[in-house]
Amino acid sequence: GGGRGRGIWQPPRSGLLLIYRGDERSICGELEHGAFVANLGEDLGLDVSTLSARRFRIVSRAGARQHLEVNLENGILFVNERIDREEVCEARGTCLLHLQLLVESPLELYRVEVEVLDINDHAPTFPWQEYVLEVAESAVLGARFPLESAQDPDVGTNSVHTYRLSPNGFFSLEVQTRSDTSKFAELVLERALDREQQRVHRVLLTALDGGVPERSGTAHILVTVLDANDNVPAFDQPSYGVSLPEDAPAGTLVIQLNATDLDEGPNGEIEYSFSGHAPPHVRELFHIEPRSGQVLLKGSLDYERASLHELYVQAKDRGPSAVAVHCRVLVHLLDVNDNAPEVTLTSVSTPVLEDAPPGTVIAVISVLDRDSGDNGRVSCEVGPDVPFELRSSFRNYYTLVTTQALDREVVPEYNVSITARDMGSPALLTRSTLTVPVSDVNDNAPHFLQPSYSVYVMENNAPGASICSVSALDPDCQQNAYLSYSIADGHIHGMPVGTYVSINSDSGHMYALRSLDYEQIRSFQIEVQAQDAGFPPLSANVTVHIFVLDQNDNAPVIVSPMPRNGSVATELVPRSARPGYLVGTVSAVDADAGLNSRLSYQLLQATDFTLFSVAPDTGELRTLRSFLEQDATQQRLVVQVRDGGQPALSATVSLLLSVVETMPQTLSDFSEFSLPPEASSSSPLTLYLLVSLGSISFTFLLAILILTAIRCRREQPSSDGLKTSNLMVQPPAGTTAATCLDSAQSDFMFLKPCSPPRNNEKDPGKLEQAGSTLPQFP
């Protein structure tokens with residue numbers, strides 16, 4: 001819509017004439033630059049101070065001249081360049097300048113029509129300054145002779161209004177009106193001519209317009225009196241009517257005229273031509289064959305410029321003193337749908353936010369079809385499968401609005417196809433594509449590529465080494481998709497998580513800040529957060545499970561036998577031991593896990609490799625054969641304990657085995673121990689050391705008791721005397737003794753006197769059996 005007029009303002013002289021008629025304004029042509037037209041800011045009720053900020057402007061089609069402009073400081077519409085009505089609108093009766101006024105924030109569109117009024121700035125002119133008219137002296141009174149019409153580019157009352165003829169005694173003038181209201185003059189014979197009395201008559205024809213002040217143009221008419229030609233040609237009818245489509249090609253036959261002359265010879269041969277007052281544009285569009293009378297199309301027709309053409313044709317014989325007769329041909333043009341609609345995007349507001357509500361205006365679109373009737377009636381629509389629609393604001397103007405919420409992550413840009421189709425047959429259409437980019441808002445939180453991460457780190461890692469990398473994605477873009485990583489606060493075994501690991505905030509690479517020890521900590525977990533840089537920021541968390549892998553960094557530790565003095569463990573073996581006799585069990589522990597803690601035992605050194613063997617899995621030390629007389633009484637063995645790691649680690653223990661005839665009740669370096677459950681679960685090595693320490697203390701106490709018992713026995717008389725040794729105790733002569741094992745002891749051996757067998761019979765089998773029972777160790 002536009003503002004409504006409230007009055008008439010009349011400037012001095014040839015200034016601006018502003019007439020408010022609804023949405024129309026009228027001005028006179030030929031105004032100079034800067035001439036006042038209207039105060040649009042006041043008329044439209046707009047705040048003048050906001051016109052510049054709201055980009056108040058005139059929207060014109062591409063290539064169109066900008067005759068008017070708006071002053072954004074005061075809202076005044078003024079003449080931007082000189083307006084020549086005849087140049088802008090040619091000879092049309094009404095000359096309108098269509099203005100589309102656009103203001104943004106909010107988007108509003110006003111339509112204003114400015115009518116350019118004609119001023120009388122042109123005088124009528126004749127094509128020739130002198131016109132020769134031949135009239136036969138036999139012409140009857142009242143005969144009419146059309147005269148050349150004057151041309152005036154002005155319209156309405158400023159165009160040719162009437163004609164005047166200088167006073168004479170033979171001719172009068174009659175002014176006729178065409179169907180388009182234009183005027184032309186006809187010379188009327190009022191008195192019989194006599195060539196012998198006066199062969200030539202001179203009159204002055206004056207054309208006057210209706211403007212103020214009145215302007216005029218003249219032409220001299222030279223009337224030559226010819227000898228009589230008895231008969232003149234005659235048309236079938238004085239006026240013809242024909243219809244012709246506007247897209248008819250050049251050379252199309254418009255009409256076949258036919259005039260007849262009763263004379264014979266040259267006086268009966270007829271030639272056709274346009275009358276002298278035929279307008280120039282008619283001569284450009286149509287052509288008459290002089291001999292046949294065919295009217296042919298010469299130029300291109302345009303219904304939108306002129307729907308009716310009026311042709312004045314004369315026929316004249318070839319005899320002397322030929323007299324021309326005239327007829328009128330009215331050519332009615334039929335409108336053809338030859339103009340496709342024009343689509344103009346007058347304002348585009350892009351890009352559009354993806355959270356814009358439905359109904360948001362994206363663009364203002366105008367359509368124009370230069371055809372008329374149904375051929376000029378246009379419908380406009382957008383392509384399918386887009387969240388936009390067209391709403392008609394008023395005739396031939398549409399606004400493109402959103403119909404639903406947008407999602408940039410699904411469709412970042414729309415190519416909206418706008419189709420304008422007229423109602424003609426066949427219909428013509430125009431397609432225009434509008435690109436609508438969708439701008440991003442922070443509506444998507446980051447998400448990690450995995451629901452959780454499991455990381456395996458070898459113990460004894462170098463501090464600062466990279467252990468893993470986490471990665472998250474954010475479907476938003478630009479700042480809303482920029483992610484930073486951080487580790488949530490927490491504790492690992494009472495220490496802040498930041499003392500164990502760190503993370504690169506940009507790349508998500510994680511680094512170990514300390515060397516990890518599988519024996520101290522086997523696994524822990526941390527929470528990693530990814531946060532975008534949008535406003536407000538969005539974030540997501542993921543759990544990272546870190547598992548410490550065992551490395552073979554702990555050598556086996558031998559816990560049994562434990563040497564009491566020096567670095568060699570001692571043990572007594574009865575000479576009567578048979579093959580498979582269990583001397584003792586070498587026990588070791590390894591703080592590692594898995595294959596790294598799987599132990600194997602082997603005999604590394606021996607005085608005689610054929611005498612002893614070590615079970616590789618259990619560490620049991622057994623005899624391979626019976627002792628011989630030549631076997632040394634002391635056997636030195638070195639047992640190696642080796643783990644299953646790569647590379648393998650090992651430990652050795654040296655054993656000194658003494659072969660004795662009888663087993664004294666002395667303490668063995670092989671000890672049996674058991675582990676408390678809580679100690680076994682926490683630290684096997686510490687438990688073994690504690691048990692070993694307890695065993696040594698207990699052994700020391702028993703040794704004191706044994707030495708006291710031996711001293712007491714030395715005080716008893718002996719016929720042969722008592723021989724003592726740290727390996728063997730000889731019983732008194734005549735006394736039967738045997739080496740027995742207390743079944744209640746597992747790690748220590750005692751020598752006990754045994755009752756003699758009944759009936760004073762020796763039982764060497766039982767003695768051997770008792771001597772072969774040795775402690776077992778895990």
Side-chain angles (χ1 to χ4, degrees), residues 442 444-555 557 589-598 643-649 678-686:
N442 194 24
N444 290 280
H447 66 275
F448 285 90
L449 299 182
Q450 299 178 211
S452 64
Y453 290 83
S454 296
V455 181
Y456 298 89
V457 181
M458 186 67 69
E459 66 171 331
N460 302 318
N461 59 290
S466 175
I467 58 175
C468 72
S469 177
V470 297
S471 180
L473 296 178
D474 194 318
D476 295 321
C477 66
Q478 298 178 352
Q479 175 178 327
N480 297 329
Y482 177 78
L483 301 181
S484 61
Y485 300 90
S486 62
I487 297 177
D489 294 336
H491 291 80
I492 301 174
H493 287 257
M495 298 293 292
V497 67
T499 64
Y500 279 83
V501 292
S502 67
I503 190 169
N504 186 303
S505 61
D506 295 326
S507 64
H509 290 292
M510 297 179 62
Y511 304 91
L513 298 181
R514 61 168 63 181
S515 180
L516 301 176
D517 189 349
Y518 176 84
E519 287 70 39
Q520 293 182 3
I521 180 171
R522 298 193 176 186
S523 67
F524 59 92
Q525 65 183 31
I526 60 175
E527 290 289 328
V528 176
Q529 181 184 76
Q531 179 173 286
D532 61 30
F535 183 80
L538 301 177
S539 63
N541 291 354
V542 70
T543 300
V544 179
H545 301 273
I546 299 178
F547 299 93
V548 182
L549 299 179
D550 183 43
Q551 192 178 45
N552 194 22
D553 58 345
N554 291 283
V557 175
V589 294
D590 195 315
D592 293 322
L595 290 175
N596 296 329
S597 65
R598 183 172 298 174
D643 61 26
Q646 291 293 333
L649 301 179
E678 62 278 3
S680 176
S681 62
S682 61
S683 178
L685 178 58
T686 303

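Heads up: numbering here begins at 1 and tracks the sequence. Given the structure is predicted, the values throughout are model-derived calculations rather than measurements.
- Ring geometry for Tyr456 versus Phe547: interplanar angle under 30°, hence parallel rather than tilted (30 to 60°).
- Not one N or O on the side chain of Asn596 forms a donor-acceptor pair closer than 3.5 Å with the backbone of Asp553.
- In Arg598, the CZ atom is not crowded: 12 or fewer heavy atoms of neighbouring residues, nucleotides or ligands sit closer than 6.0 Å.
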Intermediate values then yes/no, side chain to side chain contact (heavy atoms under 4.5 Å, CB included), Met510 and Val455: CA-CA 10 Å; Met510 297 179 62; Val455 181; over 6 Å; no
query: Are Ile503 and Val470 close enough, and set up right, to give a side chain to side chain contact (heavy atoms under 4.5 Å, CB included), and what steps lead you there?
result: CA-CA 9 Å; Ile503 190 169; Val470 297; 4.0 Å; yes
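- Here Asn461 pairs with Val457, Ala512, Ser515, Leu516 under the side-chain contact (heavy atoms from CB on, under 4.5 Å) rule; sequence neighbours left out.
- Using modelled atom types, no side-chain atom of Asn444 and backbone atom of Asp474 make a donor-acceptor pair closer than 3.5 Å.
- Judged purely by atom type and a 3.5 angstrom limit, Asp592 has no side-chain atom pairing as donor or acceptor with the backbone of Asn552.
- Residues His493 and Gln520 come closest through the heavy atom pair CE1-O, 4.2 Å.
- At least one donor-acceptor pair closer than 3.5 Å links the side chain of Glu459 to the backbone N or O of Gln551.
- When all heavy atoms of Ser539 and Ala445 are compared, the closest pair comes out as O-CB, 4.0 Å.
- Between the side chains of Asp590 and Asn554, not a single donor N or O lies within less than 3.5 Å of an accepting N or O.
- Residues satisfying the side-chain contact (heavy atoms from CB on, under 4.5 Å) test with His491, not counting sequence neighbours, are Pro496.
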- request: Quick one: do Thr543 and Glu527 satisfy side chain to side chain contact (heavy atoms under 4.5 Å, CB included)? Show the steps, please.
  value: CA-CA 5 Å; Thr543 300; Glu527 290 289 328; 2.5 Å; yes
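- The minimum heavy-atom distance between Asp550 and Tyr518, with the atom names listed, is OD1-CD2, 3.4 Å.
- By the 6.0 Å contact criterion, CG on Asp506 is enclosed, its count of non-hydrogen atoms from other residues, nucleotides or ligands being greater than 12.
- Using modelled atom types, no side-chain atom of Tyr500 and backbone atom of Met495 make a donor-acceptor pair closer than 3.5 Å.
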